[in-house]
Structures are given as structure tokens and as C-alpha cells.
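A, B, ... follow the sequence lines: proteins, then strands. Residue 1 opens every chain.
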Amino acid sequence: MRLSRFFLPVLKETPAEAQIVSHRLMLRAGLVRQEAAGIYAWLPLGIRVLQKIEQIVREEMNRAGAIEILMPTLQPSELWKETGRYDAYGPEMLRIKDRHDREMLYGPTNEDMVTDIFRSYVRSYKSLPLNLYHIQWKFRDEVRPRFGVMRGREFLMKDAYSFDLDKEGARRSYNKMYVAYLRTFARMGLKTIPMRAETGPIGGDLSHEFIVLAETGESQVFLHQDLIDMPVPGEDVDFDSDLSPIVAERTALYAATSDVHDQARFEAEVPEAKRVTARGIEVGQVFYFGSKYSKPMKAVVTGPDGKDVPVEGGSYGIGVSRLVGAIIEASHDDAGIIWPAPVAPFDIALINLKVGDAATDAACDKLYAALTRAGRDVLYDDTNERPGAKFATMDLIGIPVQIVVGPRSLASGAVEVKTRATGAKEEISLDAALNRFAGS
RNA sequence: CGGGGCGUGGCGCAGCCUGGUAGCGCAUCUGCUUUGGGAGCAGAGGGUCGCGUGUUCGAAUCACGCCGCCCCGACCA
């Protein structure tokens with residue numbers, strides 16, 4: 001992409017409404033634009049990141065055996081009346097009437113609808129386990145949206161729903177999602193820690209929030225230090241195998257957010273030197289809820305014994321749009337965003353320091369063509385800005401690698417490669433750059 | 001929803017207290033010069049001062065009402 005033909009509305013000054021760093025940087029780097037409180041338009045750079053995140057989530061869900069569907073944003077009220085949630089949900093749910101005066105709502109979540117889909121088609125335990133997920137916009141009319149996309153009213157969420165014959169099956173499904181989440185967040189360059197969470201009226205130990213540690217995080221967390229650098233299961237993890245050791249290894253160590261924190265237990269279970277008190281951002285939650293929806297909605301399957309039983313369910317959310325903010329909170333410096341490569345809007349920034357100079361133009365054209373041909377996503381700054389402005393913009397938008405081409409180093413056949421994360425710069429020959437970034 | 005604050009060219013702000021018809025920086029446009037870390041000079045364009053009502057000879061400025069947005073708290077992916 002040539003910057004001269006792209007749409008990148010960056011701001012030099014920080015808009016007054018943004019307080020936290022990710023919100024400020026998202027506005028300054030031209031990722032989003034606020035349209036109303038908690039409601040954002042995604043600009044070209046932002047949608048690229050959002051889609052990268054979405055794709056990683058999708059791949060890991062698929063790997064874990066979940067199956068993608070897409071449910072609508074607008075739902076009829078009937079399903080919610082069946083489960084009693086139409087009244088229970090309160091003003092956080094956005095209610096809408098259509099032209100026939102029918103009661104509709106903009107979905108804040110989809111348990112009711114997915115259960116309806118399930119019960120319409122599934123009759124036998126032989127069809128289980130089943131896990132259906134979708135990635136869709138949700139709306140929760142928060143009293144007080146804040147922190148940009150971290151606490152928006154409209155947000156993009158991946159929500160998966162598992163269906164099993166019994167509690168043991170539900171636990172296996174839960175473990176799959178738990179492991180998939182570890183992998184998903186790690187692939188985005190995030191360190192997340194599963195922490196005990198409120199389980200609601202169902203009780204039990206089957207609910208965890210996945211927390212990114214970040215200084216600017218909204219909630220206080222308490223954990224055993226060994227959880228922080230615990231290795232994440234690899235791509236070869238077999239989701240059909242028994243995953244409970246992976247889960248057990250983590251749940252054995254103390255980790256809780258302030259809502260469920262128990263200081264006495266924390267001190268009893270964790271040696272003083274290993275106690276970590278930090279701040280974190282919740283980016284996902286896994287939750288077992290049993291027959292909470294299947295019972296009222298009569299979502300039953302016939303078991304091997306010929307008897308009908310309500311299915312055992314769980315739901316598993318990931319805040320996709322929130323992750324954009326969370327990643328920035330976890331990865332930035334004074335100059336701007338530092339995207340982890342897997343979610344970066346572009347792979348490489350190519351900076352032409354002197355547009356119009358025959359030699360730099362030619363070198364840039366050559367690099368741009370070769371990198372693009374090699375499948376790299378390149379943002380080529382071919383504008384007439386001054387060098388300082390170009391550097392500042394590229395640092396701000398955080399593309400992992402910058403290749404700087406200017407007359408000074410090109411005189412000796414070299415270009416400069418800068419790694420955004422470390423700021424390290426090295427001069428290498430044009431050919432070496434081609435080799436490194438466009439080689440087979 | 002309780003408490004606090006803000007709304008003035010695209011962005012960041014001053015002006016408001018003490019009413020007299022709007023200013024600064026950045027950005028934008030034109031020209032010249034400049035070109036390795038957010039350039040310089042010269043010129044130009046752009047604002048129903050959130051909306052409404054009232055007070056007044058006169059309202060960005062004072063009063064009342066409404067709307068929007070932000071922050072702290074209670075609540076949430």
C-alpha cells in the first residue's frame with residue numbers, strides 16, 4: 001500500500017476526551033473514530049488490526065474443534081422471554097421495536113438464540129459434543145462507557161457455546177476452550193493468566209477470566225508468580241486428548257481478580273516471594289452454566305439409555321475489539337504503538353526519505369515490488385513529508401519493521417532497518433534487505 | 001445512576017469572572033526556500049461560540065432548561 005493513496009488520518013495532538021494510553025494512541029494513530037459514547041467507526045488501520053485478531057481467534061477456535069456460525073445482531077424478544085432474561089437483563093439491553101411494533105433487541109449475548117438453534121436440530125447424544133461459535137457485534141448499553149474500545153457499548157466479541165450430554169463432557173469442552181484461549185492470546189503477543197472468576201448461581205470451579213497483565217489495567221489481580229511465564233501449549237496440542245493436566249497445572253496456583261480475591265488464602269497458598277499483585281485487563285472468559293438455558297428452553301437430547309436429558313452448556317467469550325486496546329496497553333512506548341507482528345496492520349514500513357530522488361525512488365520501487373511479491377504487507381511512505389514527520393508517523397502507528405531508504409546510506413548501497421520494538425537500527429545492503437525480507 | 005467537569009474554525013486551547021459582535025498554536029491551500037527525527041518565510045481560506053428560551057440597547061460572556069461528551073464511584077467481554 002502506498003501511503004499517498006491510503007487513508008491514514010493521524011493526529012499530532014491528543015484529543016481531549018482520551019484518558020488512557022491505548023485510547024489516546026488509537027485516536028492519534030487513526031485506528032478509530034468515536035461516533036457516540038462507546039461507539040466507534042473503525043478506520044483503515046484499525047480494521048486491519050481487528051481482522052488480524054479475529055483471524056487468530058477463528059483459527060484457534062477451529063483448531064479446538066469449534067464450528068463457526070453467524071447469528072444476527074438483532075434478535076426477537078421471544079427467546080429471551082423463554083429464559084426469563086428479557087426481564088432479568090434490565091436497561092443494559094438495547095430494546096428496539098420494528099414497524100409492526102414487535103419487540104426486538106440488539107443482542108448483548110447469544111445463549112438464548114444458540115440454544116434455540118441447537119434444540120431445533122439436535123436430538124441425540126451421538127451428535128455431541130458440539131461447540132458453535134460466532135464473531136459478531138454486540139451491544140450493551142453500559143451506564144458509563146469508557147477507555148475507548150476497552151469499555152465500549154458496541155463491541156466485537158467471539159462467543160462460543162458448548163453442548164454436552166453430561167457434566168464430565170462439559171468439563172472436557174471447557175478444557176478445550178481453556179487451552180485454546182491460552183494459545184489464542186499467546187499468538188497475539190500477550191501474556192494472559194487464567195484467573196478464578198465468579199461462577200454465578202451454578203457454582204463450581206468452572207469459570208475463569210483470562211487477564212492480560214498491564215500497568216494500566218482496570219482491575220487489581222493477585223497471582224502466583226510462576227503463572228506468568230508458564231509455557232503455552234504448542235500447535236501440536238491434541239484437542240481430542242485429555243487436556244486436564246494442562247488446566248490442572250495452572251488452576252493449582254493461586255490467581256484471582258479483586259472480586260473473588262481471598263487474602264488469607266493467597267497468603268496461605270503462595271510463598272511471600274512468589275506473591276504478585278498487579279493490574280490486568282480481562283480479555284476473555286470461559287464459563288460453565290449447566291442446564292441454565294437448556295432446561296427452560298427444553299433443549300434435550302436422548303441419551304444412550306433412551307432417556308431425554310437437558311444438555312449441559314458452557315459459553316466462552318473473547319473481547320475481540322477490546323483486545324485491540326489491550327494489546328496497545330501492553331505494548332507501546334512514548335513514541336506510539338508497538339504492534340506484535342501477528343496483529344500488526346502492516347508487516348513492513350518502507351520509508352522513502354527523498355521522494356523525487358532518482359536513486360531512492362528506484363531502490364524503494366524495487367523493495368516495494370519484491371516485498372509485495374513475497375507476500376509481505378508493506379506500507380510504503382512515498383509522500384513528500386519531511387523525514388522527521390515520516391519517522392514520527394511510522395513510530396506512532398507501530399509497524400514492527402521499518403526499512404528506511406535515503407540518499408545518505410544509499411550512496412554506499414545501504415538501507416537502514418529499524419526494529420520498532422527495540423529501536424535498534426542497522427545498515428545493510430539493499431540486496432541483504434531484499435534477501436532478509438523478500439527471500440523465499 | 002450519585003458526584004465533578006467540559007462544549008469556541010478539522011485538532012489542541014485562550015477569551016467568559018468584570019456583556020460591546022472572536023483570538024492563538026497546529027493542520028489546510030498558494031508561492032519560494034528547505035529535505036536523515038513532527039522545517040522556514042510570505043500570503044490565503046475556514047467559526048450559526050452545542051441547542052433553546054430569557055435578561056439587556058447589545059450575549060461566546062449573565063440566568064433557566066435541554067442535549068452531547070469526559071472524569072471519579074457503583075456495574076460489565
Using atom names, set out every protein N or O paired with an N or O of nucleotides 8-14 of chain B below 3.5 Å, distance rounded to 0.1 Å.
{"unit_1": "C11(B)", "atom_1": "O2", "unit_2": "Glu13(A)", "atom_2": "OE1", "d": "3.1"}
{"unit_1": "G12(B)", "atom_1": "OP1", "unit_2": "Ala16(A)", "atom_2": "N", "d": "3.0"}

Identified pairing partner of [N], criterion: Watson-Crick or G-U wobble below 3.5 Å:
N	result
G38(B)	none
C76(B)	none
A22(B)	none
A60(B)	none
C6(B)	G68(B)
A44(B)	U28(B)

Go through the side-chain N and O atoms of [X] and [Y] and say whether any donor and acceptor fall under 3.5 Å apart.
X	Y	value
Ser207(A)	Gln285(A)	yes
Tyr106(A)	Gln75(A)	no
Asn131(A)	Tyr133(A)	no

Say we look at [N] and [M]: how far apart would their [atom1] atoms be, to the nearest angstrom?
N	M	atom1	result
A44(B)	A27(B)	C1'	14 Å
G20(B)	G15(B)	C1'	14 Å
G38(B)	G31(B)	C1'	23 Å
G9(B)	G46(B)	C1'	6 Å
G45(B)	U28(B)	C1'	9 Å
C67(B)	U53(B)	C1'	14 Å
G2(B)	U8(B)	C1'	30 Å
G52(B)	G5(B)	C1'	22 Å

Euclidean distance, atom [atom1] of residue [X] to atom [atom2] of [N] [Å, nearest integer]:
X	N	atom1	atom2	result
Arg408(A)	G37(B)	CZ	C1'	11 Å
Phe391(A)	A39(B)	CZ	P	12 Å
Met93(A)	A77(B)	CE	P	16 Å
Leu27(A)	C69(B)	CG	P	15 Å
Glu209(A)	C75(B)	CD	P	14 Å
Arg153(A)	A77(B)	CZ	P	17 Å
Phe147(A)	C69(B)	CZ	C1'	16 Å
Leu8(A)	A27(B)	CG	C1'	15 Å

Establish, yes or no, whether the cationic atom of [X] lies under 6.0 Å from the six-membered ring centre of [Y] and within 45° of the ring axis.
X	Y	answer
Arg95(A)	Tyr86(A)	yes
Arg196(A)	Tyr254(A)	yes
Arg48(A)	Phe346(A)	yes

Residue whose closest nucleotide on RNA chain B lies nearer the 5' end, Ile20(A) versus Val320(A):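 Mapping each residue to its closest nucleotide by heavy atoms, the 5'-most match is Ile20(A).
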Ser409(A) vs Val143(A), nearer the 5' end of RNA chain B by closest nucleotide: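 Mapping each residue to its closest nucleotide by heavy atoms, the 5'-most match is Val143(A).
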Gap separating the CZ atom of Arg250(A) from the OH atom of Tyr178(A), nearest 0.5 angstrom: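 Between atom CZ of Arg250(A) and atom OH of Tyr178(A) there are 6.0 Å.
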So His261(A) and Phe266(A), would you call those rings parallel, tilted or perpendicular, with 30° and 60° as cut-offs?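 Answer is perpendicular, since the angle exceeds 60°.
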Could you label the plane-to-plane angle of the Phe185(A) and Phe210(A) rings as parallel, tilted or perpendicular, counting under 30° as parallel and over 60° as perpendicular?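 Rings of Phe185(A) and Phe210(A): tilted, as their planes differ by 30° to 60°.
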Quick one: is [N] close enough that its OP1 or OP2 comes under 4.0 Å of any side-chain N or O from [X]?
X	N	value
Lys12(A)	A27(B)	yes
Gln19(A)	C71(B)	no
Arg144(A)	C72(B)	yes
Gln34(A)	C70(B)	yes

Is a salt bridge present between Arg58(A) and Glu54(A), judged by a nitrogen-to-oxygen distance below 4.0 Å?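 Between Glu54(A) and Arg58(A) there is a salt bridge, with a charged N closer than 4.0 Å to a carboxylate O.
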Check this for me, if you would: do Glu60(A) and Arg183(A) make a salt bridge, where the nitrogen-to-carboxylate-oxygen distance has to be below 4.0 angstrom?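 Yes, this pair counts.
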Between G36(B), C75(B), C70(B), which one does the side chain of Arg146(A) approach most closely?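 Among the listed nucleotides, the one closest to the side chain of Arg146(A) is C75(B).
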Of the candidate nucleotides G37(B), G38(B), C69(B), which contains the atom at the shortest distance from the side chain of Ala36(A)?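 Out of G37(B), G38(B), C69(B), the nucleotide with an atom closest to Ala36(A)'s side chain is C69(B).
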With heavy atoms under 4.0 Å as the rule, sort [X] into base, sugar-phosphate or nothing.
X	answer
Gly148(A)	nothing
Thr393(A)	base
Gly317(A)	nothing
Asp395(A)	base

Yes or no on side chain to side chain contact (heavy atoms under 4.5 Å, CB included) for Val378(A) and Met1(A), after CA distance, side-chain angles and deciding distance? CA-CA 6 Å; Val378(A) 182; Met1(A) 177 63 65; over 6 Å; no
Listed pairs, N/O of protein and of nucleotides 31-34 of chain B, under 3.5 Å:
{"unit_1": "U34(B)", "atom_1": "O2", "unit_2": "Arg386(A)", "atom_2": "NH1", "d": "2.5"}

For Trp80(A) and Tyr89(A), run ring-ring contact (aromatic ring centres under 6.0 Å, His included): C-alpha distance rounded to whole Å, both residues' side-chain angles, the deciding distance at 0.1 Å, then the answer. CA-CA 9 Å; Trp80(A) 289 69; Tyr89(A) 221 91; 5.7 Å; yes
For a quick check, tell me whether the side chain of Glu385(A) and the base of G38(B) share a donor-acceptor pair closer than 3.5 Å.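 Not at all, since no donor on one side and acceptor on the other fall under 3.5 Å apart.
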